[in-house]
Amino acid sequence: MAINYSAEKPLARLDLELPGLSSAEGRWIRLGPWYAMFPLEFAYEEIANNTAPGDAILDPFMGRGSTVVAAAALGRNAAGMEINPVAWVYAKTKINPAYKNKVLARLYDLAWLCEEKKLVRMQDFFHWAFDKEVLRFLLVAKDKLNWRYSQVDRTLMAIILVDLHGKESNSLSNQMRQTKAMAPDYSVNWWKARGMRPKEKDPISILEKKIEWRYRYGVPNFESKSNVLKGDSASMLYKVQKLAPFKLLLTSPPYYNVTNYNYDQWIRRWMLDGPPNPINSAGRWENRFHGMEDYRYLLKSVFSKAAKYMVRDSRIVVRTDARQFTFDTTLDVLKTVFPDKSVEIIDRPYKGKTQTALFGDKSEKPGEKDIIMC
């Protein structure tokens, strides 16, 4: 098998401009802050330049759905799967948001219910993180929104999750990071040291403004077929076969021992029926992947099953960590699963500070690599 190693090279020109914020598509495809995001521009480039309208694209580690939503915007069919419920809510909503009047009506339903909600004492974190009226609203929304099965409830939940925490002036919370939820004790000590009690806020008014902004240009008109599934792709990938065969596999698996999306999104996961504190794992594949054999098994299992649904001349594009173990393992698994394809490796070194560096990670970061197989 020939392997061509290439230095970093610019991506090809887009056939279509990436939609801006002055359009429905532009406002919805960017929904959902996410730690270590898969670049939307990269997904657009690959899909626009290597597939045709009507082709089907697969992403078994879709995160917040950049591959699927880019495919839909470009007139391609797409299937994606994600185990993290926060990312799935974002992706499912972006593909098919409910109409604004229904979302606003649901918001006002919750406002009525808030009048009867009595607050009980919770962990200190929640009383330092949220004003009492915000916390009352969140507890009602957490209890009443059927985000798994209702399009309207899921859309409203997605909008709540976006600004559940972030800058004090522009979110529902006291001052916090938006992309990553910090540990409760650390946060409380940080607020106490600065005397930063949560300011009084009207959650209904805040969310009305968020909804009006998101819907200013309406909702996107995606005419292609999309299948956005929540679950473990190692055991549930067969459910994407309705859209098979796939012309392009475009994905970025979790990197070995880098981040834990279950822990890093713990406040948003709490809103989605998770525990009221950060935990390291909610299941076998929802952790930081400390075990090398488990990591290899996950990649081998998912890519082997995905291969069954690819066309013979399919294109495989996997963005992975440039660190030795993650890269070598990913490349070895892909070569085993797709033995007849040629391989090109493109270096994508980091430029400037990374998201992990902003959160105090001082470890060496050699960047990422794209593994391309044809």
>> Assess the residue pair Leu272 and Val86 against the criterion (side-chain contact (heavy atoms from CB on, under 4.5 Å)); give the C-alpha distance rounded to whole Å, side-chain angles, the decisive distance to 0.1 Å, and a yes or no.
In response: CA-CA 8 Å; Leu272 302 180; Val86 177; 3.8 Å; yes
> Does the salt bridge (charged side-chain N to carboxylate O under 4.0 Å, His left out) test come out yes or no for Asp143 and Lys117, once each step is laid out?
Replying inline: CA-CA 11 Å; Asp143 182 52; Lys117 179 69 176 179; 5.9 Å; no
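Contact check for Val69 versus Tyr44: no side-chain heavy atoms found under the 4.5 Å cut-off.
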What side-chain donor-acceptor pairs closer than 3.5 Å can you find for residues 151-160, not counting sequence neighbours?
{"unit_1": "Gln151", "atom_1": "NE2", "unit_2": "Asn96", "atom_2": "O", "d": "3.1"}
{"unit_1": "Gln151", "atom_1": "NE2", "unit_2": "Asn96", "atom_2": "OD1", "d": "3.1"}
{"unit_1": "Gln151", "atom_1": "NE2", "unit_2": "Pro97", "atom_2": "O", "d": "3.3"}
{"unit_1": "Asp153", "atom_1": "OD1", "unit_2": "Arg106", "atom_2": "NE", "d": "2.7"}
{"unit_1": "Asp153", "atom_1": "OD2", "unit_2": "Arg106", "atom_2": "NH2", "d": "3.3"}
{"unit_1": "Asp153", "atom_1": "OD2", "unit_2": "Asn146", "atom_2": "N", "d": "2.8"}
{"unit_1": "Arg154", "atom_1": "NH1", "unit_2": "Trp147", "atom_2": "O", "d": "3.1"}
{"unit_1": "Arg154", "atom_1": "NH1", "unit_2": "Arg148", "atom_2": "O", "d": "3.3"}
{"unit_1": "Thr155", "atom_1": "OG1", "unit_2": "Ala98", "atom_2": "N", "d": "3.0"}
{"unit_1": "Thr155", "atom_1": "OG1", "unit_2": "Gln151", "atom_2": "O", "d": "2.8"}

Taking only distance into account, with no hydrogens and no angle test, what donor-acceptor pairs under 3.5 Å do side-chain atoms of residues 303-311 form with protein atoms, sequence neighbours excluded?
{"unit_1": "Ser304", "atom_1": "OG", "unit_2": "Lys300", "atom_2": "O", "d": "2.6"}
{"unit_1": "Lys305", "atom_1": "NZ", "unit_2": "Ala234", "atom_2": "O", "d": "2.2"}
{"unit_1": "Lys305", "atom_1": "NZ", "unit_2": "Ser301", "atom_2": "OG", "d": "3.3"}

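Partners of Ser235 under the side chain to side chain donor-acceptor pair (under 3.5 Å) rule, at least two apart in sequence or in another chain, are Asp232. Partners of Asp124 under the salt bridge (Lys or Arg N to Asp or Glu O under 4.0 Å) rule, at least two apart in sequence or in another chain, are Arg121. Residues forming a salt bridge (Lys or Arg N to Asp or Glu O under 4.0 Å) with Lys100 (at least two apart in sequence, or on another chain): Glu212. Taking the side chain to side chain contact (heavy atoms under 4.5 Å, CB included) definition, one finds that Asp332 meets it with Arg296, Thr336, sequence neighbours left out. Remark: Arg315 pairs with Glu46 by the salt bridge (Lys or Arg N to Asp or Glu O under 4.0 Å) rule, at least two apart or across chains. With sequence neighbours excluded, the residues satisfying ring-ring contact (aromatic ring centres under 6.0 Å, His included) with Trp191 are Phe125. Partners of Arg30 by salt bridge (Lys or Arg N to Asp or Glu O under 4.0 Å), not counting sequence neighbours: none found.
Listed by chain and number, the hydrophobic cluster partners of Trp112 come to none, as no ILVMFWY side chain reaches under 4.5 Å of it. Members clustered with Leu21: Trp213, by chain and number, using a 4.5 Å side-chain heavy-atom cutoff among hydrophobic residues.
Judged by a 6.0 Å distance limit and a 45° cone about the ring axis, Arg323 is not positioned over the six-membered ring of Tyr256.
Residue pairs that meet the side chain to side chain donor-acceptor pair (under 3.5 Å) test with at least one member in residues 194-206, sequence neighbours left out, do not exist here.
Distance check: Leu207 CG to Leu172 CG gives 5.0 Å after rounding to the nearest 0.5 Å.
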